[in-house]
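Sequence positions, counted from 1, serve as the residue numbers for this chain. Scope of the values below: all heavy atoms of this structure, side chains included, with no hydrogens, waters or symmetry mates.
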Amino acid sequence: MSKVVIIGCGGVGTVAAFKCAENPDVFSSIVIASRTQSKCDAVAEKIRKATGHNSITTDRVDADNVDEIVALLRRHEPELVINVALPYQDLAIMEACLQTGVNYLDTANYEPKDVAHFEYSWQWAYRDRFEQAGLCAILGCGFDPGVSGVFTAYAAKHYFSEMETLDIVDCNAGDHGKAFATNFNPEINIREITQNGRYYQDGKWVTTKPLEIHQTLTYPNIGGRDSYLLYHEELESLVKNFPSIRRARFWMTFGQEYLTHLRVIQNIGMARIDEVDYNGTKIIPLQFLKAVLPNPQDLGENYHGETSIGCRIAGRDKEGNPMTYYIYNNCSHEEAYRETGMQAVSYTTGVPAMIGAMMLLKGLWKKPGVWNVEEFDPDPFMEQLGKQGLPWHEVINGDLEL
């Protein structure tokens, strides 16, 4: 029985809070905090009515401000912070956790505001301090990153003597009826997609132009979808923690209408993340665009179809024979909305965040330092994944298409 503070009240934060409330034997007390407390109040009331969990409170915090986060944690004295705020705020929240003796978990790695650059070095630099404080920090515990790393660790533990190639594949085959909308924070989403691609090959990183490499991949229950090579942060930790991997890539699907809108946004300068002067006021075009695009939290009601995310791995089985392995989850937008009021992209990130928190609070994933999810035992996490709404499936020695 433990108290958690959830920082962030977007779609992912809402799902994480819902799922914590559905497991009151683990999460005895839940605090939801964000810059706008009224949003937290509305979510908390909705969760109380849906789950009957009565120990849900709210608070206000500016997650850019270490002192405010410290004050929040001292008011509530949680065992764990679940950080589902913006990636820019990771280091401020980690710093506050160290100052107050609170464990930490997030779903995406830190990135600076002024450049779209994704790597773990800033957070890995906190390892010694967390270890010396006797605190545990779990990084990247969403779906990808998150479940993708747990899937890889599960494959290594149970099937492979050597994993040689890893392809993480992410398909959203849903339709929300909007001309253009992003499925999570537009600012983060567009920064991620418009940066150069990157993949790991034979000990080196190979850089590609944005969305330069693509091919059709077949997704279970969905069919063929054009899939584009992106850089995603979990590749950095996975090739480090599983050194037999000689090639690691990440693929995501996009429709042509989405890509056309994205090209226009870039061509007219609305994807810029530097300041421009507008009538004497400094604004960042991408942040302005975020304000006028549909809120990802509001997409769920009319969202149809499903997501499919998984890992396609090739290598040698425990006896040294060639083997392929595909492990994946499909998640229905409609079912996610019926349970939590959010669409499947938020659901597939928020549920693993809750499970990772459960692992820590139960002492199953708890050791001093800063860790990526694949560095823990995958089995108890995998056991919970299906129970908490994300069932997984395996295809052994099938065609990986890659």
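Under the 4.0 Å criterion applied to side-chain N and carboxylate O atoms, Arg129 and Glu95 are assigned as salt-bridge partners. We find that Lys387 and Glu383 are joined by a salt bridge, their nearest charged nitrogen and carboxylate oxygen being less than 4.0 Å apart. Under the 4.0 Å criterion applied to side-chain N and carboxylate O atoms, Arg198 and Glu119 are not assigned as salt-bridge partners.
No side-chain heavy atom of Ile309 sits under 4.5 Å from any side-chain heavy atom of Phe151. Between Met94 and Val81 the shortest side-chain heavy-atom distance does not fall below 4.5 Å. Inter-residue side-chain proximity for Asn329 and Val147 is flagged as unmet; no heavy-atom pair is nearer than 4.5 Å. In this structure, Ile265 and Leu289 have side chains that are in contact, with non-hydrogen atoms separated by less than 4.5 Å.
With Arg312 as the fixed residue, the side chain to side chain contact (heavy atoms under 4.5 Å, CB included) test singles out one of Leu217, Val395, Asp399, Thr165: Leu217. The only member of Tyr154, Phe376, Trp365 that meets ring-ring contact (aromatic ring centres under 6.0 Å, His included) when paired with Phe381 is Trp365.
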Check step by step if side-chain contact (heavy atoms from CB on, under 4.5 Å) holds for Leu364 and Asp377. CA-CA 8 Å; Leu364 298 167; Asp377 181 5; over 6 Å; no
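Defined by atom type and a distance below 3.5 Å, a donor-acceptor pair is present between the side-chain atoms of Ser227 and Tyr219. In summary, the side chains of Asn330 and His393 do not present any donor paired with an acceptor at a separation below 3.5 Å, with no hydrogens or angles considered.
Within the structure, salt bridge (Lys or Arg N to Asp or Glu O under 4.0 Å) contacts touching residues 229-242 (residues at least two apart or in different chains) do not occur.
Between Tyr120 and Trp124, the ring planes are parallel. Angles under 30° get that label, and only those over 60° would be called perpendicular. Relative orientation of the His333 and Tyr303 rings is parallel, given thresholds of 30° and 60° on the angle between their planes.
Not counting sequence neighbours, the partners of Glu22 by the side chain to side chain contact (heavy atoms under 4.5 Å, CB included) test are Phe18, Lys19, Thr51, Glu339. Looking at residues two or more places apart in sequence or on another chain, you find a side chain to side chain contact (heavy atoms under 4.5 Å, CB included) between Pro78 and Lys3, Val5, Leu73, His76, Val102.
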